[in-house]
Amino acid sequence: MADQSTARNLESWRLGSCEELNELRESILASRDPAGQEIVVCHGTGCVANGSPKVAQALNSALQAANRETRVMPGIKKTGCHGFCSRGPLVIVNPYGYFYQKVGPRDAEDIVELSILQEKPVQRLLYKDPQSGEPILSEKEIPFYKLQQRSVLRNIGKIDPTDITDTIAAGGYQALAKALTSMTPEQVVEEVERSGLRGRGGAGFPTGRKWRSALAAVEKKGRPIYVVVNGDEGDPGAFMDRTIMEGDPHAVLEGLILGAYALGAQQGYLYVRAEYPLAIRHLENAMAQARELGLLGENILDTGFSFDARINKGAGAFVCGESTALFTSIEGKPGNPRPKYVRSVEEGLWGRPTVLNNVETWANVPLIVDKGADWYAGLGVADNTGTKVFSLVGKVNNVGLVEVPMGISLGRIIEDIGGGVPGGEPFKAVQTGGPSGGCIPYSLKDTPVDFDSLAEVGSMMGSGGMIVMDSRDCVVDISRYFLRFLEEESCGKCIPCRLGLVRMRKMLDTFSAGEGTPQDIEDLVSLSQAVKDGSLCALGGSAPNPVLTTLKYFRDEYMAHIQNHECPAGVCKDLITYFIDPKLCTGCGVCARQCPQGCISGEDKEPHVIDAGHCIRCGICLESCKFGAVRVEPGVFVQGAFPGEAVKA
Amino acid sequence: MITISIDGQEVQARPGWTVLETARHHGFYIPTLCYHEAVSPSGVCRMCLVQLGEGPQAKLVASCMYPVAEGMKIFTDTDRVRNVRRWILEMLVSECPASTEIRDMAARYNVTGTRFEIENPDEQCMLCGLCTRVCTEVVGLAAISTVSRGVHKKVGTPFLRPTEVCVECGCCVTICPTNAMQARIDSVRGVS
Amino acid sequence: MISHELRIDEITERYPASPEYLIFMLQDIQKSYGYIPPEAMDLICEQTGVPASQAYSVATFYQSFRLTPQGEHTIKVCLGTACHLKGGQRIMDELKRRLQVEPGETTPDMKFTYTSVNCVGACALAPVMVIDDQYYPSITVRKLEKQLKALSRE
């Protein structure tokens with residue numbers, strides 16, 4: 001449904017040609033004052049969860065309250081995710097570009113008073129350079145942004161995704177107009193082929209080649225052919241597609257319409273996971289507005305080309321990100337994958353030729369058509385062209401969304417853009433590719449981030465999730481975590497996955513408990529190979545990757561668990577002991593009150609002690625202590641106040 | 001006619017045949033658990049996997065569903081194939097300990113016990129899906145289906161209550177490769 | 001939000017009577033009623049022509065469908081990778097201790113249902129909890145305690 005608060009009577013604007021689209025763009029731009037004031041408040045899911053709607057409300061009230069007889073009131077623009085999530089809520093005041101971070105409702109008055117009325121920055125809200133401590137005025141000078149190349153993300157954070165006029169003003173649908181009036185469908189396919197674009201959903205299959213095979217399938221089988229958006233971004237820790245769908249839905253839509261034109265499709269589908277309600281709302285709204293303007297539906301821009309699309313919401317199944325499972329879900333069935341012996345381009349949705357591409361892949365298409373394949377192929381490196389969006393999460397200072405050219409090194413992303421690990425230690429490992437990927441150790445930080453290089457070190461690009469781990473993250477635990485995730489998400493159809501993943505996970509449980517032998521590790525490797533080779537689809541087929549890579553690069557850590565009975569990272573509950581440091585403990589008693597076992601004792605204002613025999617290592621005391629007095633030591637110690645006194649079991 | 005090679009031997013196949021059909025036609029042994037001529041193949045047990053091509057890039061494919069193509073090289077018993085089969089069988093021995101059919105096939109691959117814990121000593125169902133497929137495709141009633149997913153997946157009736165859609169034809173019991181369907185048939189139709 | 005204003009047939013009749021719309025109908029019923037009542041399943045099967053066993057297979061395959069009434073408040077703890085690294089499991093364990101039911105279950109007073117969810121994509125705020133449609137960033141055991149108390153008092 002169109003968002004009532006920003007809907008205009010778009011029906012009267014139905015565009016009958018590309019000239020009219022250009023005129024509309026001109027008139028929108030003419031009605032805007034580039035020197036006019038505007039307050040941008042990030043409304044990506046992260047900032048919203050952190051309270052940005054309240055900030056927007058407070059700004060609104062402050063603007064109303066300010067005496068503005070002589071000047072026009074600036075608008076508050078709600079945009080998608082700016083990417084600098086660890087610094088949210090984010091506010092930008094234009095035209096000055098003042099970039100404010102960690103803004104609360106109480107800052108609204110100062111922002112209006114200083115930045116709107118006096119055109120000056122609010123110093124305390126500016127981002128401070130972590131090396132020099134100097135405040136930085138605008139986004140483009142901030143190291144986090146400076147080192148990125150935001151092309152797919154270029155509009156996000158600048159446009160209001162619920163208002164199509166913003167998208168049009170920013171150049172949206174220009175590529176579509178160009179293709180419909182001056183390119184043949186074949187030329188569009190060629191452009192995508194020459195660009196070298198590879199699928200951004202994980203497999204990295206050349207998109208142009210996929211489209212070409214689809215055209216061959218249509219030669220054999222005739223039409224209809226369907227185009228589908230894979231918006232089922234399920235890798236935990238990945239939110240690239242969410243950001244694009246929420247923040248620039250027309251980028252996806254325009255890409256899809258271009259693909260439909262190139263392939264001769266009349267009907268398309270957007271499969272979006274149900275856990276992204278905002279993305280779904282914004283896409284529905286975008287499609288409704290596009291239809292009203294004649295950019296989607298019957299006779300687009302009066303060129304005779306018709307194409308429409310429908311959103312299918314996921315219903316809670318990670319496996320539906322797999323192409324055959326996704327199709328079967330659109331057909332109304334359980335999301336059980338099928339063996340892909342006949343490719344989806346030939347036999348996909350309802351047995352028809354189908355082209356399925358990831359959200360980010362589709363969002364790249366308008367750029368390629370608009371700026372040309374040569375421009376695109378100039379970005380990145382050979383065979384891995386273009387840029388890639390990554391979600392940088394975990395133990396890193398700048399958690400958020402980054403877009404970089406392919407081929408940049410892991411170290412550059414994590415240390416220079418990400419700001420490194422809090423506390424300054426080198427990262428231990430970075431997990432790429434989600435549950436299908438692998439852990440890459442710090443020693444390989446110069447590895448270029450591209451499809452081929454990451455595969456060479458045993459991992460994979462995946463959809464773009466990058467989980468940074470430090471010395472307090474355990475590789476045995478993280479392998480078990482990913483297996484547990486896939487165990488729950490397995491469709492259960494084939495034996496290697498349904499029976500294998502849980503058994504692999506249970507083997508990791510025993511290692512985590514300090515049990516098991518080196519022979520068990522060999523058995524795990526052998527079983528992993530059987531699961532990899534034997535599974536029906538890539539869920540099971542790639543499930544052993546985290547285990548296999550952590551064994552490759554961190555075997556010592558596994559050995560520490562099973563031979564020394566300690567978890568060096570301090571994570572595995574059976575192989576650690578909690579202590580209270582008597583030098584730091586103030587005796588405030590907060591931990592004792594919170595302890596679910598009641599096993600912390602001590603006099604008021606005297607150092608407290610944890611009874612290791614009853615401690616379940618839940619971590620609540622660690623979380624509650626404001627003085628950093630709770631310590632986690634690897635190893636199992638018998639009763640003693642502190643490691644110096646305690647004896648190892 | 002199409003010519004392919006199985007274990008180094010050239011054989012003929014008709015277009016449209018699967019690798020399994022071709023292999024069996026020529027007397028090659030490929031084990032299966034979820035395959036039956038009466039219903040469509042589903043490729044879930046993975047016992048019929050064979051190696052397509054040679055070298056580290058070779059992949060394993062389910063022969064019950066893989067269509068033959070001119071010149072393809074199939075290997076029915078490589079190390080990789082045997083590794084998959086023996087682990088499947090060892091896991092099945094732990095999952096379906098009460099099935100003699102599974103134990104017999106396991107013995108063929110030198111799997112006589114299991115390192116895995118046995119949760120349900122009476123279980124025989126390996127979720128091959130033959131029962132649900134025969135009820136849908138042959139009998140045309142779809143009285144039973146697979147319920148839930150992953151490790152919780154099981155064969156069941158709507159709301160796990162006896163259903164009148166079942167006409168007690170017994171096809172599911174007949175096609176079941178173990179005794180699993182016999183053991184649960186009362187819960188499908190109800191006991192009168 | 002749960003609202004029984006619409007009858008089941010008013011919901012199912014929004015869509016063409018075809019098997020392709022099975023999941024759409026189930027989703028709308030789930031949204032309105034908080035679960036899929038057996039009568040709804042029957043009506044959906046009647047309308048779409050999908051056999052009962054197949055509809056039940058779909059309803060039990062996908063995580064978002066519930067077949068029993070849910071609690072007044074649904075608590076979802078994100079167990080995405082970032083949230084896992086930042087202690088999301090601790091929150092699940094605490095919920096189990098306090099509510100005394102297993103994940104996915106509802107408290108006997110029908111007040112709370114809690115479950116883990118897959119990554120909600122707000123990783124900078126890990127660990128994240130969602131109660132009904134409200135996100136709670138950087139959740140700790142103490143914050144959880146406060147929320148539960150506030151909701152119990154309602």
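The structure presented is a predicted model; accordingly, all values stated were derived computationally and were not measured. In what follows, chains carry the letters A, B, and so on, assigned in the order in which the sequence lines appear, proteins first and then strands, with residues in each chain numbered from 1.
Of the two parts of C:Y136, neither the backbone nor the side chain holds a non-hydrogen atom closer than 4.5 Å to a non-hydrogen atom of chain A. Heavy-atom distances place no part of C:Q89 under 4.5 Å from chain A, backbone and side chain included. There is no contact between A:L401 and chain C, counting heavy-atom distances below 4.5 Å. Both the backbone and the side chain of A:C491 have a heavy atom closer than 4.5 Å to some heavy atom of chain C. Of the atoms belonging to C:Q54, it is side-chain heavy atoms, and not backbone ones, that fall under 4.5 Å from chain A. Heavy atoms of A:E489 lying under 4.5 Å from chain C belong exclusively to its side chain. A:N312 touches chain C through backbone and side chain together, each having a heavy atom under 4.5 Å away. The contact between A:I330 and chain C is made entirely by backbone atoms, counting heavy-atom distances below 4.5 Å. Only the backbone of A:V468 comes within contact range of chain C, with heavy atoms under 4.5 Å apart. For chain C, the nearby parts of A:N50 are the backbone and the side chain; heavy atoms of each come within less than 4.5 Å. Interface residue C:E94: only side-chain heavy atoms are found under 4.5 Å from chain A. Heavy-atom distances place both the backbone and the side chain of C:V58 under 4.5 Å from chain A. With a 4.5 angstrom heavy-atom cutoff, A:I467 touches chain C only via side-chain atoms. Residue A:R593: no heavy atom, backbone or side chain, is found under 4.5 Å from chain C. Of the two parts of A:Q594, only the side chain, counted from C-beta on, holds a non-hydrogen atom closer than 4.5 Å to a non-hydrogen atom of chain C.
Here CD of A:E275 is found 8.5 Å from CD of C:Q63. Values are rounded to the nearest 0.5 Å. In this structure, OG in C:S64 is found 10.0 Å from NZ in A:K313, a value given to the nearest 0.5 Å. The CZ atom of C:F61 sits 5.0 Å away from atom CG of A:N336, with the distance rounded to the nearest 0.5 Å.
Contact between C:N118 and A:F485 at its shortest, heavy atoms only, is OD1-CE1, 3.3 Å. Considering all non-hydrogen atoms of both residues, C:C119 and A:A238 come closest at SG-N, 4.3 Å. Nearest approach of C:R97 to A:C618, heavy atoms of both residues: NH2-CB, 4.1 Å. Looking at every heavy atom in both residues, A:G237 comes nearest to C:C123 through CA-SG, 3.7 Å.
With chain A as the partner, the residue from C:D93, C:I23, C:V117, C:L22 showing the most heavy-atom pairs under 4.5 Å is C:I23. Listed options A:R472, A:R273, A:E488 were ranked by heavy-atom pairs under 4.5 angstrom with chain C; first place goes to A:R273. Contact tally against chain C (heavy-atom pairs below 4.5 Å) for A:G400, A:S86, A:S329, A:G434: the top residue is A:S329. Taking chain A as the reference chain and counting heavy-atom pairs below 4.5 Å, the highest number among C:S138, C:P137, C:G121 is found for C:G121. Between chain C and the residues A:G332, A:G394, A:A315, the most heavy-atom pairs under 4.5 angstrom are made by A:A315. Heavy-atom pairs under 4.5 Å with chain C peak, among A:A274, A:P596, A:S624, at A:P596.
A donor-acceptor distance shorter than 3.5 angstrom exists from the side chain of C:Y62 to the backbone of A:G335, with no hydrogens or angles considered. Here the side chain of A:E623 pairs a donor or acceptor atom with the backbone of C:V141 at under 3.5 angstrom.
Within 6.0 Å of NZ on C:K143 lie more than 12 heavy atoms contributed by other residues, nucleotides or ligands.
For residues 74-87 of chain C, a heavy-atom distance under 4.5 Å to chain A picks out C:L79, C:G80, C:T81, C:A82, C:H84, C:L85, C:K86, given by residue number.
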